[in-house]
Chemist: 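Let me begin by handing over the structure; questions about it come next.
The model shown is predicted, which means the values in this text are computed figures rather than measured ones. Reckoned from all heavy atoms, side chains included, excluding hydrogens, waters and symmetry mates. All ligand and atom numbering here is 1-based and tracks the order in the structure.
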Amino acid sequence: MAKKVIITGVPGVGKTTVVNEALKKLKEEGVEYQMVNFGTVMFEVAKSDGTVQDRDQMRTLDRTVQKRLQQLAGQAIAQISGNVLVDTHASVKTPKGYLAGLPEWVLREIMPDIIILVETDDDQILMRRLSDETRTRDKEGSRSIGEHQQFNRSIAAAYAMVTGCTIRIVANPDHLLEHAASEMADVLR
Ligand code: AP5
């Protein structure tokens, strides 16, 4: 049966890196997933109507605009058949507070089987963000990153209550990418 899996993790935790490695392993075994980046789908809509020029601007958009973009992305993803893997955020840190990344109307469209939370030490995430010059990352300390990781666990529990999905935590510490990718591949098999 086709699986719908959602991958989350605070910005810079390395979720996209781990997913790509896991998918390479699975491809060798003939297990295929269609990978969708939720932020990219939102960004394409926002860019086409001139709302933003840069994907890092999306976090600062008015809440109602972000909600409209989320809904459109959720509907587009719901149309995909077969195994689907959605790279997104359990919550987004906005200037007005945490915004649920998967509000009820998005969850009911996608109805995931599993939500994976990729985590690592707060200090490691801080260092990864500082060394990424390709993005305009939020400037925040490791304590604030830790609060965000904790908040994501709490909100994931609420998502499980709505959908009946399971929640899996995958650790992605420095120098152990291979281990994290193997663990994720096991969940996706
Ligand atoms: P998106 O681009 O998906 O999010 P992001 O937060 O910018 O996350 P990244 O994908 O850049 O980071 P990552 O954690 O995947 O890390 P990476 O693999 O690059 O979304 C963009 C925007 O869309 C969001 O900001 C938001 O506004 C919006 N959005 C998305 N979903 C939404 C939703 N549901 N609702 C509302 N808005 C939404 O790795 C980072 C670095 O770490 C790399 O340099 C990598 O080499 C390194 N690294 C990774 N693993 C290891 C390791 N084990 N050891 C050492 N280094 C490592």
Side-chain angles (χ1 to χ4, degrees), residues 4-24 35-47 51-78 85-110 112 115-140 145 148-149 151-152 155-156 158-159 162 170-184:
K4 293 197 173 176
V5 181
I6 293 187
I7 314 281
T8 67
V10 298
V13 72
K15 63 189 156 55
T16 311
T17 308
V18 180
V19 167
N20 288 338
E21 287 303 310
L23 290 184
K24 268 191 232 161
M35 168 102 170
V36 188
N37 186 302
F38 199 97
T40 301
V41 179
M42 283 178 64
F43 178 52
E44 276 162 8
V45 177
K47 203 172 149 195
T51 312
V52 293
Q53 280 84 46
D54 181 294
R55 66 192 293 135
D56 287 308
Q57 285 175 328
M58 290 199 294
R59 294 190 292 279
T60 60
L61 290 173
D62 181 76
R63 190 167 55 98
T64 48
V65 180
Q66 293 197 53
K67 284 167 79 174
R68 180 178 64 85
L69 294 171
Q70 282 178 323
Q71 191 153 19
L72 291 169
Q75 286 166 356
I77 292 165
L85 217 153
V86 185
D87 182 341
T88 187
H89 290 282
S91 69
V92 179
K93 211 172 226 184
T94 79
K96 298 269 169 67
Y98 292 113
L99 177 82
L102 299 162
E104 194 202 355
W105 60 90
V106 173
L107 277 180
R108 290 206 190 280
E109 293 278 359
I110 303 177
I115 297 181
I116 301 177
L117 272 74
V118 180
E119 296 182 348
T120 193
D121 289 351
D122 312 332
D123 289 339
Q124 291 182 358
I125 295 167
L126 180 62
M127 292 315 293
R128 290 178 198 174
R129 286 187 191 175
L130 290 174
S131 27
D132 183 359
E133 288 174 357
T134 65
R135 300 289 301 269
T136 314
R137 301 285 188 189
D138 291 337
K139 290 185 179 55
E140 58 179 341
I145 292 171
H148 195 178
Q149 293 207 96
F151 185 81
N152 281 348
I155 204 163
Y159 297 155
V162 175
V170 171
N172 178 34
D174 279 353
H175 316 298
L176 288 173
L177 176 60
E178 174 61 27
H179 187 268
S182 294
E183 202 181 328
M184 192 175 289

Chemist: List for me each residue that meets salt bridge (charged side-chain N to carboxylate O under 4.0 Å, His left out) alongside Arg63, sequence neighbours excluded, and say none if there are none.
Modeler: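 Listed in chain order: nothing, the list is empty.
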Chemist: Could you tell me whether Lys24 and Glu21 make a salt bridge, using a distance below 4.0 angstrom between a side-chain N and a carboxylate O?
Modeler: yes
Chemist: So that I can tick it off, tell me whether Asp138 and Lys93 are bridged by a salt bridge, with the cut-off set at under 4.0 angstrom between side-chain N and carboxylate O.
Modeler: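 No, no charged N to carboxylate O under 4.0 Å.
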Chemist: Under a 4.0 Å heavy-atom cut-off, what residues line ligand 1?
Modeler: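 Shell around ligand 1 (4.0 Å, heavy atoms): Val10, Pro11, Gly12, Val13, Gly14, Lys15, Thr16, Thr17, Asn37, Phe38, Gly39, Met42, Arg55, Met58, Arg59, Gln70, Thr88, His89, Val92, Gly101, Arg128, Arg135, Arg137, Asn172, Pro173, Asp174, His175, Leu177.
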Chemist: Do the side chains of Asp56 and Arg137 get close enough for a salt bridge, i.e. N-O under 4.0 angstrom?
Modeler: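 Here Asp56 does not pair with Arg137 in a salt bridge, since their nearest N and O are not under 4.0 Å apart.
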Chemist: Anything under 30° is parallel, anything over 60° is perpendicular, the rest tilted; go ahead and classify His148 against Tyr98.
Modeler: tilted
Chemist: Can you confirm whether Glu109 sits close enough to Val106 that some side-chain heavy atom of one is under 4.5 Å from a side-chain heavy atom of the other?
Modeler: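 No, too far: nothing below the 4.5 Å cut-off.
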